[in-house]
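FYI, side chains are in, hydrogens and waters are out, and symmetry mates aren't considered; it's all heavy atoms of this structure. In what follows, chains are A, B, ... by sequence order, proteins preceding strands, each numbered from 1.
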Amino acid sequence: MRGRSGYGSGAVLQAGGLKRLKKEMSSNAWVVRDEAGLREAVRRLENRPILACDLETTGLDPHRDTVLLVLIGDARLQVAVDARAFDDLRLLKPVLEREGLTVFHNAQFDLKFLKSLNLEVSRPQDTMVLEILLAGGRRVGPRTLKACCERRVGLSLDKAERTSFMNYEGELTDAQITYGLADVLATYHLFLEQTGAIEDAGLGRVARIEGAATDPFAELEYRGIHLDRSSWERLLEEARGAREATLQALRAAVRPVVNPDLFGHVSVNFDSESDLRDLFGRLGYEDLPDLTKATLSRLDHPLATALVEYRVHQKVLSSYGDEFLSHIHPVTGRLHPRFKQLGAATGRCSCEGPNLQSIQGGDRFRGAFSAPNGRMMVTADYSGCELRILAELSKDPAFLRVFQEGGDLHSLVASSMFGKQVSKTENPDLRSRAKAINFGLCYGMGAAGLARQISSSVEEAEDLLDRYFSEYPKVKQWLDMSADVAIGRGYCETMAGRRLYLDDMGDPERRQQIIRQAKNMPIQGTSADITKLAMARVARALRSRGKDAFLVNCVHDELVVETSESDADEVARLVRKEMVSAGEVFLKEVPTVVDVQVARHWAK
DNA sequence: GAGGCACGCGCC
DNA sequence: AAACGGCGCGTGCCTC
């Protein structure tokens, strides 16, 4: 084979690194620059059970930057494919689509670039994700490949060469290839170390779920979502007008206590907490606990009223203004936020740049996320997901019955608590109280929190909780047991076995916080287990049926899929079916209900 | 000028 | 008497 190389200089593998790696690399590294070489490499790699893979690219953007090197191998053989020497890399398909695992560090990055080359990976695994799973919320240090290898393999990597790839156009140097191959070997050995630890911690099941969800997350980022810029800008214009009007009201409200400047203007920064505290002080409100909407609403003063309204518009303008629109990609014309697969310690993903998980509800803003011409959006969400999980976990017979009966959950709970007919129209106050408890319980709420939430006295709130728990005693038992067990063993876990290790107890306040986390995490985290499994199943189903459809957003218990118009109804059925099946993997005694909408826009 | 904090608030 | 879980992001304000 051509391109045999002897990279044994040790420039990359520092003292203290594994001599084994150095030896492996010096004798088994191959550079592939032509079709014959690639065919031979593929022949030798396509049956390997575990391969590590790493890409070197000219930058971070798969829609603008290019792949320089595809490096792939295991302890016995490593191949460096000079990507620019090939018109396309379809010859690699048998390797990437083989039965075995293909391991990356930060797989989303590499998978996106592989997508830009029309390559898919059948069974990716991600050592960065596994490292976060193993950490289970503990602060064990950075998750870079270098840091993970130092912690787990006792191997030290020199990352100095990394920046050389940025905007690189010349012939690849030996140093660059050696660097890439060292990363592949490091990833491979890191994965082997992690595998044992994953089994020891009972994390195998959740690791498989995460592995299956990795490509859907990469797809989500790569495809992006379309935003109708002109209708978005209309919303901003409305907000600008409304903010100006409320500013007039604000200035009028403070005029009695503020000296206008030389030009008769009132110069107060209504975004400044200290300015506002000063103003409220002059108006006789000295010791406000905070300046939140809830506190201001109780004041019944023109300044407070106007401030609450001002903030509504200011929030829109600051959240969705120029910075937001600057994220529209110049090449694709779409938003490509980053989805951090394990962004939250509970197992949820998070989203940034911009955050598509905090777009205001309702059609006003979400309606601007439209499908391009000839396409449709399917919006699907799990109905009452966390409460169903609480029912399943607690096995409370009455609570289970509420879900098995179907109908409006909060009304049913309110009816059984208060012994009265309750619906969205009959006794709606009782319904909203039941609703506050339902949600609050998932957060480990106590009587004080409930009292605050529904603006009642603490006694009243205690009474409500007593009623609730006498109706659903095993719910309380489970919540208390969950906290006790978690504190006893130092971690809590989801139904899939995902773990969150709890800090050592500090002061009583901190202890209470940990107890609330221990009650909440199994619920929130199991919801994440379900949604990630659903993402994997939905993506697989869409692909296997050859649908021109893909995920464009994930909002914790909600998936949004863009599809060709002609397939919309079939895709909607498919999305529902796969989401329900994912839910039923965990929810055995409670039905899984998924609401699906088909529209031109992101719905709800 | 960058970085970190507190605050407030959008979502689930 | 009693401060409900998980995020990202904009603003002001402080420090270096």
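For A/Ser272 and C/dC13, the shortest distance from a side-chain N or O to OP1 or OP2 is below 4.0 Å. Residue A/Lys315 places none of its side-chain N or O atoms closer than 4.0 Å to OP1 or OP2 of B/dC7. Taking side-chain N and O atoms only, A/Asn355 has no distance below 4.0 Å to OP1 or OP2 of B/dC11. A close approach under 4.0 Å does not occur between any side-chain nitrogen or oxygen of A/Gln513 and OP1 or OP2 of C/dA3. In this structure, A/Thr346 does not reach the C/dC7 phosphate: none of its side-chain N or O atoms is under 4.0 Å from OP1 or OP2.
Checking C/dG5, B/dC11, B/dG8 against the side-chain heavy atoms of A/Arg366 singles out B/dC11 as nearest. Distances from the side chain of A/Asn520 to the nucleotides B/dG8, B/dC11, C/dG5 place C/dG5 closest. In this structure, of B/dC9, B/dC12, B/dC11, it is B/dC12 that holds the atom nearest to the side chain of A/Lys604. Between B/dG10, C/dT11, B/dC9, one nucleotide has an atom nearer to the side chain of A/Asp271 than all others, and that is C/dT11. The side chain of A/Val555 has B/dC12 as its nearest neighbour among B/dC9, C/dG6, B/dC12. Of the candidate nucleotides B/dG8, B/dC12, C/dG8, B/dC12 has the atom lying nearest to any side-chain atom of A/Asp557. Of the candidate nucleotides C/dC7, C/dC9, B/dG8, C/dC9 has the atom lying nearest to any side-chain atom of A/Glu352.
Taking atom CZ of A/Arg311 as the reference point, atom C1' of C/dG12 lies 12 Å away to the nearest angstrom. Computed from coordinates, the A/Glu386 CD to C/dC7 P distance equals 13 Å when rounded to whole Å. Summarising the geometry, the separation between CZ on A/Arg364 and P on B/dC11 is reported as 12 Å, rounded to the nearest angstrom. Distance A/Leu236 CG to B/dG10 P: 16 Å, rounded to the nearest Å. Here the P atom of nucleotide C/dG6 and the NZ atom of A/Lys340 are 15 Å apart, to the nearest Å. The nearest whole Å value for the distance from the CG atom in A/Leu288 to the P atom in B/dC7 is 14 Å.
A/Leu291 comes within contact range of the sugar-phosphate backbone alone, with a heavy-atom separation under 4.0 Å but no base atom that close. Within the 4.0 angstrom heavy-atom criterion, no nucleotide atom of any strand lies near A/Cys349. If you check every strand for non-hydrogen atoms under 4.0 Å, A/Asp381 touches nothing. Counting any heavy atom pair closer than 4.0 Å across all strands shown, A/Ile359 reaches sugar-phosphate atoms only and no base atom. When heavy atoms are screened at a 4.0 angstrom cut-off, A/Ala447 is found touching no nucleic acid atom at all. At the heavy-atom level, A/Arg452 lies nowhere under 4.0 Å from the strands shown. Here A/Glu323 lies in heavy-atom contact (under 4.0 Å) with sugar-phosphate atoms only. Looking at heavy-atom distances under 4.0 Å, A/Lys293 makes contact with sugar-phosphate atoms alone, never a base.
Shown here for A/Phe270 and A/Leu307, the closest heavy-atom pair between the two residues is O-CD1, 4.0 Å.
Within the helix from B/dG1-C/dC16 to B/dC12-C/dG5, the inter-axis angle between the opening and closing five-pair segments is 0°, rounded to 10°.
A donor-acceptor pair shorter than 3.5 Å can be found between the side chains of A/Arg510 and A/Gln513.
Within 3.5 Å, a donor on the side chain of A/Arg348 pairs with an acceptor on the base of B/dC12, or the reverse. Within 3.5 Å, no donor on the side chain of A/Arg516 pairs with an acceptor on the base of C/dG5, nor the reverse. With hydrogens and angles ignored, a donor-acceptor pair under 3.5 angstrom links the side chain of A/Gln524 to the base of C/dG5.
Summary of the strand contacts: A/Leu441 and A/Asp275 both lie near DNA chain C, and taking for each the nucleotide with the nearest heavy atom, the more 5' one is attributed to A/Leu441. Ranked by how close their nearest DNA chain C nucleotide is to the 5' end, A/Ser318 and A/Asp290 are led by A/Asp290.
Remark: aromatic rings of A/His336 and A/His327 are distant, center separation not under 6.0 Å.
Aromatic ring orientation, A/Phe365 versus A/Tyr320: tilted (interplanar angle from 30° to 60°). Using a 30° and 60° split on the angle between ring planes, A/Tyr285 and A/Phe280 fall in the perpendicular class, above 60°. Using a 30° and 60° split on the angle between ring planes, A/Trp232 and A/Phe324 fall in the parallel class, below 30°.
Judged by the 6.0 Å and 45° rule, A/Arg388 forms no cation-pi pair with A/Phe403.
A donor-acceptor contact shorter than 3.5 Å is absent between the side chain of A/Ser482 and the backbone of A/Leu479.
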